[in-house]
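Here's the structure we're looking at; comments come further down.
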Amino acid sequence: MTIAYNERSCYCGEVDSARIGQTITLCGWVATRRDHGGMVFIDLRDREGLVQLKFNPETDPPAHETAGRLRSEFCIAVRGQVAARPESMINPRMRTGQIEVNVREIDILSASETPRFLVEDDINTSDELRLEYRFLDLRRPRMQRSLITRHRAVKIIRDYFTDHGFIEIETPFLTKSTPEGARDFLVPSRKQAGSFYALPQSPQLFKQLLMMSGFDKYMQIVRCFRDEDSRKDRQPEFTQLDVEMSFVQMPDVMTVAEGYLVRVWKEILGVTLPTPFPRMPYSQALAEYGIDRPDTRYDLRIKDVGDIARKTDFKVFTGPLDKGGAVRCIRVPGGADISQSEIEKADNSLQNMLKGIGAGGLPYVKIELADGKPTFKTGVAKFFSPEATAELCERVGAEPGDAIFFAADSVDNVCKFLSRLREEIARRRNLIPAGLWNFLWVIDFPLLEHHAEDNRYYAVHHPFTAPMDEDLHLLESDPLKARAKAYDVVVNGVELAGGSIRIHRADVQSTVFKLLSLTQEEAELKFGFLLKALRHGPPPHGGFAMGVDRLVMLLCGLDSLQDTFSFPKTAEGYCPLTLAPSPVDQKQLDELWIRLNLPAKK
RNA sequence: GGGGUCGUAGCUCAAUUGGUCAGAGCGCCGCCCUGUCACGGCGGAGGCUGCGGGUUCGAGUCCCGUCGACCUCGCCA
C-alpha cells in the first residue's frame with residue numbers, strides 16, 4: 001500500500017470541522033502515541049500543528065497493525081476520514097480538538113532514532129543539546145512559529161520598502177575592515193598572499209557610497225559579522241535591515257522607520273502603535289533611567305539628590321561627591337516590605353547583584369510614619385537629619401511605606417547601578433505591565449565621548465555621523481557638547497534600531513577625523529574610498545539599521561535571541577551541530593600562506 | 001581575557017561530614033489494555049559520575065589541571 005504523499009490535502013493543524021466526512025491525506029511526524037492494545041491514538045505533527053489520528057483494529061486491521069510499530073518522530077503519511085469527535089471526547093486544549101482522523105491507510109516514510117529530548121514546547125534541556133539536535137529542536141511548535149514569524153517580518157520589510165520606492169542592493173561580504181569598533185572576522189586571500197578580507201560588521205560605508213551613486217533610497221536585509229563574545233542578545237553573525245536615503249533630514253528617516261514598525265506590529269500582532277513615537281533626549285534618558293535605552297513601561301525614575309546628600313556626614317555619599325561623582329536614588333512605592341534579606345543578605349540580594357557589577361554596596365532607607373511625619377528607618381536612616389529627611393521625601397515624593405535606594409559613585413557608575421536596580425526591582429515586584437509596547441526615539445546623542453585611558457575622543461555612533469548644524473561651532477570650542485544627528489528606536493528597554501544623518505561635507509568630515517585623532521594619512525588608508533567619493537558630489541544622506549533578530553524576539557515574546565535563528569552558535573561561537581569552527585587540512589593552510597602559531601599546551 | 005555556577009542513566013535531577021550511594025521521575029524495551037489526549041497496569045534494560053592527574057585505607061564528594069555549557073564584567077550598538 002503506497003500513499004501518494006505528494007497529494008497531501010492540508011497541514012495537520014489545518015484539519016477542521018469543515019472537512020468532516022472528507023477523505024484526506026496527511027504527512028507529518030509522530031508526536032505522541034497512546035496505544036490501548038485495541039484502539040491506537042497518534043498525535044501527528046507538522047509545521048501548522050497537531051491532529052489526532054485514530055486506528056481501529058476492527059475496521060482497519062492492517063493500518064492498526066502498522067500503527068503499533070510507530071515510535072516518536074517517525075515520519076508517516078496517512079489517508080483517512082475526518083470525523084467529529086463524540087461530545088465527551090472533544091479536547092478544548094487542541095486547535096483540532098473537535099475532530100479526529102479515522103485512518104484507513106498508513107505508510108511509514110521513515111523511522112527515527114529515539115530523540116534525545118521531547119519535541120514539544122517548554123522542554124527543560126540544555127542549549128547545547130538543543131543546538132546539537134537543532135533539526136529536532138526546530139520541529140517544536142514555538143521554534144516553527146519563530147522562524148515563520150521571521151519570514152513574515154522580512155516579507156513585510158520588502159513589501160513596505162518596495163512600496164516606498166526603495167531598491168534592495170547587495171553589498172560585498174568579502175570586503176575591507178570597517179571603522180566600527182568591533183573585532184573583524186578575517187578571511188585570508190589566496191591570491192594576495194598575506195592580505196585579508198574582513199567580513200562586514202555592517203554595510204555602513206557601502207550604503208553611503210550607494211547614495212553617492214545616485215540610488216537615493218536603498219535597503220538591504222543583510223548579514224553582519226562581529227567577532228566579539230556572544231550574549232543572550234548577541235550572536236557573531238546577525239541580520240540587519242539596512243536603510244539609507246538621500247536628500248533627507250532626521251524626521252524623514254524616522255518617519256520611514258516608524259512606518260515599517262507600525263505596519264509589522266499591525267500585521268503580525270494586530271497592535272496599532274500610536275505615531276509619532278515619543279522623543280526623549282539622551283540626557284533625559286540617562287538622568288531619569290540611567291541608560292540610553294530606557295524601559296518606560298514602569299516608573300521607578302532616578303532622582304538626583306546630590307545636594308541633599310552633601311548635607312549629611314555620610315562618607316559613602318560625600319566621598320564620591322568630593323570627587324565629582326553623584327548621589328542619586330530611586331523610590332520604590334510600598335518598598336518598605338522588601339525584606340532585609342532580599343536587600344542585602346540573600347545570595348541573590350539586590351546588594352549582591354549590584355556588587356557584581358562593581359558597586360560598593362546598596363544604601364537604602366525605609367519610610368515610616370512617626371509623630372505624624374514621614375521618618376527614615378533602617379539602613380542609612382541615621383545619617384539624615386529631620387530637615388534632610390523632609391527635603392528628600394519632598395524631592396522624591398516619598399510616603400510612609402516606601403523605600404529609597406541610593407547609589408553614590410562616579411556619574412557613569414551611578415547610572416549603571418541604578419538602571420540595573422530599576423530593572424531588577426521592576427521584575428521582582430511585577431511592575432512591568434503585560435501587553436505594553438513602549439516605543440520611543442532617543443535623540444540628541446552627543447557626537448563624541450572622551451575616554452580617559454587613552455585621553456582621546458571616540459565617536460558615540462560612528463565617525464560619519466553628522467553633528468547638529470547649530471552645534472558645528474562646538475567642534476572647535478567644546479566638542480563634548482556637540483550633539484549628533486542620531487536617533488535610536490527603543491522598545492520596552494530594547495534597542496531595536498539606530499541611525500543617523502551622515503556627514504556629506506568633506507571639511508566637516510576632516511574636522512571630525514581630527515577630533516578622533518585620525519591623521520589625514522590614516523583616514524586615507526582606512527577609508528580613502530569614502531573620502532574620494534565625498535569629493536564627487538555627495539548628496540546629503542542618512543539612514544538607519546534595525547536588528548531583525550531582535551525584532552523577531554520582540555514579536556514572538558522570546559527571551560533568547562538564539563531562538564530567532566535557524567542555526568545559532570553557543571557563547572563560544574561554536575556550533576554543536578556542524579562542529580564548526582574546526583581545523584583544516586595543511587594543504588588549505590599552505591594555499592593561504594598561513595602557518596599556525598598556537599599557544600603551547602600546558 | 002577576569003569572576004561565578006555547573007558537568008552523575010537517553011533527558012531533568014538526587015546522593016549528610018569523604019564510608020552499601022549508583023538512586024528517582026520522565027523517556028526507552030517487552031507483555032497486557034477499545035475512547036485516550038500527562039492514557040493506565042505489570043515487568044525489564046540502561047552508568048568509565050566530562051576528561052587527566054593528585055590527596056586518602058577509601059573520592060560522584062576534597063585539591064590541581066583541562067574541556068565544555070550557562071551567567072556576569074570587559075568587549076560589543
Side-chain angles (χ1 to χ4, degrees), chain A residues 31-44 50-59 64 68 71-73 83 85-94 96-97 100 102 112-120 122-133 136 180-184 201-202 204 224-236 238 240 291-293 347-348 352-359 416 420 442 445 453 458-462 465 486-490 494-500 544-547 550 560 562 569-572 574 576 601-602:
Chain A
T32 54
R33 78 193 153 99
R34 295 175 291 282
D35 186 342
H36 291 257
M39 206 82 82
V40 173
F41 297 98
I42 298 286
D43 287 343
L44 192 66
L50 294 171
V51 67
Q52 174 165 285
L53 308 180
K54 190 176 84 177
F55 297 83
N56 189 328
E58 285 168 9
T59 57
H64 177 265
R71 294 295 180 269
S72 290
E73 300 311 318
R85 294 198 195 186
E87 188 69 35
S88 59
M89 308 305 166
I90 287 173
N91 184 346
R93 290 192 305 280
M94 223 171 150
T96 60
E100 61 193 351
N102 290 313
S112 171
E113 291 179 12
T114 301
R116 295 285 290 275
F117 50 81
L118 293 179
V119 178
E120 59 186 37
D122 300 316
I123 49 169
N124 176 18
T125 196
S126 72
D127 287 351
E128 195 185 7
L129 196 66
R130 286 178 52 200
L131 294 187
E132 185 182 345
Y133 290 88
L136 291 179
E180 251 118 337
R183 195 178 293 117
D184 287 318
Q201 297 178 23
S202 79
Q204 179 62 38
C224 303
F225 306 86
R226 291 177 188 162
D227 188 6
E228 298 292 348
D229 289 359
S230 298
R231 284 282 195 288
K232 242 209 295 275
D233 62 350
R234 207 194 298 162
Q235 282 271 308
F238 59 97
Q240 267 187 194
I291 195 162
D292 59 0
R293 43 179 180 84
D347 283 348
N348 65 347
N352 279 345
M353 181 204 74
L354 287 172
K355 282 181 172 174
I357 59 172
K416 181 164 111 182
R420 182 65 188 278
V442 177
F445 284 89
E453 313 89 78
Y458 283 85
V460 169
H461 199 65
H462 58 56
T465 299
Y487 32 83
D488 281 357
V489 180
V490 174
V494 175
E495 187 196 322
L496 179 59
S500 62
F544 69 92
M546 184 179 301
R550 284 187 185 173
S560 168
Q562 285 196 352
K569 293 175 177 60
T570 69
E572 295 301 308
Y574 178 65
K601 283 223 171 113
K602 287 169 212 164

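All of these numbers come straight from a predicted model, not from anything done at the bench. The sequence lines fix the lettering, A, B, ..., with proteins before strands; numbering per chain opens at 1.
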- Note on the structure: To the nearest angstrom, the CG-C1' distance between A/D229 and B/A69 comes to 14 Å

- Message: Say we look at B/U12 and B/C71: how far apart would their P atoms be, to the nearest angstrom?
- Response: 16 Å

- Item | Short side-chain N/O contact to B/A38 OP1/OP2 from A/R93, under 4.0 Å | yes

- Item | Distance-only donor-acceptor test (3.5 Å): side chain A/R231, base B/C70 | no

- Message: Closer than 3.5 angstrom, by distance alone: can the side chain of A/R550 be matched with the main-chain N or O of A/E495 as a donor-acceptor pair?
- Response: yes

- Using the P atom as the reference point in each nucleotide, state the distance between B/U61 and B/C29 in Å, no decimals. 34 Å

- Send over the distance from A/R33 CZ to B/G27 P, rounded to a whole Å. 10 Å

- Task: Kindly indicate whether the side chain of A/N91 and the base of B/C37 share any N or O donor-acceptor pair separated by less than 3.5 Å?
- Result: yes

- Message: Looking at A/T570, I'd like to know whether one of its side-chain N or O atoms comes within less than 4.0 Å of OP1 or OP2 on B/A69.
- Response: yes

- Watson-Crick/G-U partner (both atom distances under 3.5 Å) of B/C70: B/G4

- Going by modelled atom types, is there a donor-acceptor pair between the base of B/C75 and the side chain of A/R234 at under 3.5 Å? yes

- Query: Across the strands shown, which category fits A/V40 at heavy-atom distances under 4.0 angstrom: base, sugar-phosphate, nothing?
  - Reply: nothing

- Query: What distance, rounded to whole Å, do you find between the two C1' atoms, one in B/A59 and one in B/C21?
  - Reply: 12 Å

- For B/C37 versus B/G46, give the span between their C1' atoms, rounded off to a whole number of Å. 29 Å

- Nucleotide paired to B/C28 in any strand shown, Watson-Crick or G-U, under 3.5 Å: B/G44

- Task: For B/C62 versus B/C75, give the span between their C1' atoms, rounded off to a whole number of Å.
- Result: 36 Å

- Query: Looking for any heavy atom pair under 4.0 Å, which part of the strands does A/F41 touch: base, sugar-phosphate only, or nothing?
  - Reply: base

- Query: Mind checking who B/U16 pairs with, Watson-Crick or G-U wobble, both distances under 3.5 Å?
  - Reply: none

- Give one of base, sugar-phosphate or nothing for A/E128, where a contact means two heavy atoms less than 4.0 Å apart. sugar-phosphate

- Mind checking the P distance from B/C28 to B/U20? Whole angstroms is fine. 34 Å

- Message: Let's test your reading of the model: under 3.5 Å, does the base of B/C11 pair with the side chain of A/R116 as donor and acceptor?
- Response: no

- Query: Under 4.0 Å: is that the gap between some side-chain N or O of A/H36 and OP1 or OP2 of B/G35?
  - Reply: yes

- Residue-phosphate contact under 4.0 Å: A/T114 side-chain N/O, B/G10 OP1/OP2: no

- Roughly how far apart, to the nearest Å, are B/A45 and B/G50 at atom C1'? 24 Å

- Looking for any heavy atom pair under 4.0 Å, which part of the strands does A/K355 touch: base, sugar-phosphate only, or nothing? nothing

- Task: Evaluate whether atom CD of A/E572 has more than 12 neighbouring non-hydrogen atoms of other residues, nucleotides or ligands under 6.0 angstrom away.
- Result: no

- Query: So what does A/D35 touch, heavy atoms closer than 4.0 Å: a base, only the sugar-phosphate, or nothing?
  - Reply: base

- Quick one: the side chain of A/R71 and the base of B/G10, do they pair up donor-acceptor inside 3.5 Å? no

- Rounded to whole angstrom units, what separation is found between the OH atom of A/Y458 and the C1' atom of B/C75? 13 Å

- Task: List the steps, then state whether side chain to side chain donor-acceptor pair (under 3.5 Å) holds for A/R34 with A/Q52.
- Result: CA-CA 10 Å; A/R34 295 175 291 282; A/Q52 174 165 285; 2.9 Å; yes

- Message: When you measure only distances, ignoring hydrogens and angles, does the side chain of A/E100 come within 3.5 Å of the base of B/G35 through a donor and an acceptor?
- Response: yes

- Item | Nearest-Å distance once atom C1' is located in both B/A24 and B/G3 | 35 Å

- In whole angstroms, how far is the P atom of B/C70 from the CD atom of A/E132? 13 Å

